[in-house]
Colleague: 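This is the structure I have questions about; it appears just below.
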Number of protein chains: 2
Amino acid sequence: MTLNTPKADTTNVTTESIANALSQAIHEHRLAPGTKLGEDELSDIYRVSRTMVRAALQSLSHQQIVEIKRNRGAFVAQPSLTEAHEVFEARELLEPRTARSAALHATPDDIVLLNDHITQEHAALAAGDRGRALYLSGQFHLEIARIAKQQTIADMINVLIARSSLIIALYWRRESALCESQAHHALINAIADNNGTLAEELMQSHLVDLHSALNLHELPPVKQNLKAMLSGDPTA
Amino acid sequence: MTLNTPKADTTNVTTESIANALSQAIHEHRLAPGTKLGEDELSDIYRVSRTMVRAALQSLSHQQIVEIKRNRGAFVAQPSLTEAHEVFEARELLEPRTARSAALHATPDDIVLLNDHITQEHAALAAGDRGRALYLSGQFHLEIARIAKQQTIADMINVLIARSSLIIALYWRRESALCESQAHHALINAIADNNGTLAEELMQSHLVDLHSALNLHELPPVKQNLKAMLSGDPTA
DNA sequence: GCGCACAATATTGTATACAATAAACTTCTT
DNA sequence: AAGAAGTTTATTGTATACAATATTGTGCGC
């Protein structure tokens, strides 16, 4: 298990900080889907009792990035392909309108911040930190949701983005796990121009594009190969 | 505190059953917004230790129908007016498409079940059980989400419906806290006819109508009266 | 060598104990 | 009488202990 090493000062560890650390590790693909998250192990790592670990895990379970199986333990979630499609479908329903609203609400500071995000993402890539770049790519979408000034929908998008990270880990076959930089730049420009209609359209096509990277997996070549191997090899 | 009386058999009490019982009590307005939910009190009622009560309360907190204030306790949530608008706005974004999808997926059994819901709702009203009628009115929307066969979005709608119940308790001024029966009947007919476009439009206007019952509160007549009273009465 | 039964161990679920914090109550000062 | 300060009590936060369940390891029979 590869996590953020807890800081030497453990007096301020809260269930929230534990949950956030685990969430980030999952988001950056440092914790793979299916990974067992043992309570004792985590309480050793974070130097707190199991009580706080359990609360953190429950919180992550409600975010649907951890699955708690009664009497068996907690595991990094493994969304099914159906769930994968549902998550992106939900994003296609929510995020274009959010982008439209963001275009109507954005301040110059917001635009600076969005551009900073892309800069940091490129810096992380250049430094070979793909997990960090992936995390920032997702955060870009969350920033747009924040700018849109609709907290209820932003909360929903937050959960969907987190789950998207797991889905990418499981079902993604493109070279890059990141959103295309051009799509994000175009979104920033539309938002900066306060062009709600364009922002909405760009986000829609961006998400349809992301979703299409999953569709390719409904007939995976690997699955066909296994089937051929099993029917041809009696040692299976 | 008025809750479901726990059954004499307490061997099967789980954190989930506690959370569900509390959720239903909140939904039916038996627990009003702002109500203190003390851990010791609940553990006495449900005859379990505080551990399980805390887990149940945390679960409800993630559903945003309970607010946990550190070192102060748990309270039935009191959504702000802003949150109220956001919740209905989110529903306006999600539920029309869900209704459309439900119209494409519905089976005859689904239609029977939806009609049963309205029947039960009327029976509850006739029996004077307004809380139950309110709960069933909300469940009607959840059933449509279930029929739509998109669990991710249905989960979101579930949370929004629960929060709607609190919002109705706080900000509703119509005679009836229920959705209008005609709107629900029309929805059933559109869904039964597999008319996705009509179902979507009907749900849209239904939710806009519900939302407008909140809008009335942004310039409430009561507030104007209070202002007039305060400026004319020096005893304030 | 494989499969099954049993024992030992590990882990999760829950209760209880202790610590920390807030709320309520009492006393003192002005 | 009102407000502030101090004390007591109640409640929440967290750790620890015990119970329940699952997993792993070992021995035996075929």
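Chain identifiers are assigned alphabetically (A, B, ...) following the order of the sequence lines, protein sequences preceding nucleic acid strands; residue numbering begins at 1 within each chain. Everything numeric in this text was worked out from a predicted model, so none of it was measured.
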Colleague: State, without any angle test, whether B/E95 and B/H141 hold a side-chain donor-acceptor pair at a distance under 3.5 Å.
Modeller: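 Indeed, the side chains of B/E95 and B/H141 share at least one donor-acceptor pair under 3.5 Å.
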Colleague: Is A/K36 near enough to C/dT12 that one of its side-chain N or O atoms lies under 4.0 angstrom from OP1 or OP2?
Modeller: yes
Colleague: Quick one: do the A/H117 and A/Q139 side chains pair a donor with an acceptor below 3.5 Å?
Modeller: no
Colleague: Keeping to residues at least two apart or across chains, list the salt bridge (charged side-chain N to carboxylate O under 4.0 Å, His left out) pairs with something in residues 49-65 of chain B.
Modeller: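 Residue pairs passing salt bridge (charged side-chain N to carboxylate O under 4.0 Å, His left out), neighbours aside: B/E39-B/R50, B/E39-B/R54.
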Colleague: Considering only residues two or more places apart or on different chains, which pairs with a residue in residues 66-80 of chain A satisfy salt bridge (charged side-chain N to carboxylate O under 4.0 Å, His left out)?
Modeller: none
Colleague: Tell me, for nucleotides 18-23 of chain D in 5' to 3' order, what letter each nucleotide earns: B for a base near a protein heavy atom under 4.0 Å, S for only sugar-phosphate near one, - for neither?
Modeller: ---SSS
Colleague: Round to the nearest Å and state the distance from B/I68 atom CD1 to D/dT11 atom P.
Modeller: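 Going from B/I68 (CD1) to D/dT11 (P), I get 17 Å.
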Colleague: Quick one, which residues of residues 55-63 of chain A touch DNA chain C with a heavy atom under 4.0 Å?
Modeller: none
Colleague: Rounded to the nearest Å, what distance is computed from the CD1 atom of residue A/I18 to the C1' atom of nucleotide D/dT14?
Modeller: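 So the two atoms are 11 Å apart, to the nearest Å.
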Colleague: Quick one: B/R54 CZ to D/dT11 P, roughly how many Å, whole number?
Modeller: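 Taking atom P of D/dT11 as the reference, CZ of B/R54 is at 14 Å.
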Colleague: Does A/E83 have any salt bridge (Lys or Arg N to Asp or Glu O under 4.0 Å) partners at least two apart in sequence or in another chain, and if so, which?
Modeller: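 Expected list: A/R163.
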Colleague: Please pick, from D/dA15, C/dT14, D/dG13, the nucleotide with the shortest atom-to-atom distance to any side-chain atom of B/M52.
Modeller: C/dT14
Colleague: How many whole angstroms separate atom CZ of A/R47 from atom P of D/dA15?
Modeller: 14 Å
Colleague: Looking at A/S49, does any N or O in its side chain come under 4.0 Å of the phosphate oxygens OP1/OP2 on D/dA15?
Modeller: yes
Colleague: Of the listed nucleotides (C/dA15, C/dG13, D/dA15), which one gets closest to any side-chain atom of A/E39?
Modeller: C/dG13
Colleague: Under the salt bridge (charged side-chain N to carboxylate O under 4.0 Å, His left out) rule, what pairs show up with a residue in residues 135-153 of chain A, not counting sequence neighbours?
Modeller: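 Of all non-adjacent pairs touching residues 135-153 of chain A, those that pass salt bridge (charged side-chain N to carboxylate O under 4.0 Å, His left out) are A/D110-A/R146, A/E143-A/R146.
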Colleague: So which of A/T82, A/L160, A/L166, A/I161 actually passes side-chain contact (heavy atoms from CB on, under 4.5 Å) with A/V87?
Modeller: A/L160
Colleague: Between B/L37, B/T15, B/I45, B/V48, which is the residue that forms a side-chain contact (heavy atoms from CB on, under 4.5 Å) with B/V53?
Modeller: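 Output: one option passes, namely B/V48.
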Colleague: Will you find, in the side chains of A/Q151 and A/D155, an N or O donor that is under 3.5 Å from an N or O acceptor?
Modeller: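 Side chains of A/Q151 and A/D155: pair found under 3.5 Å.
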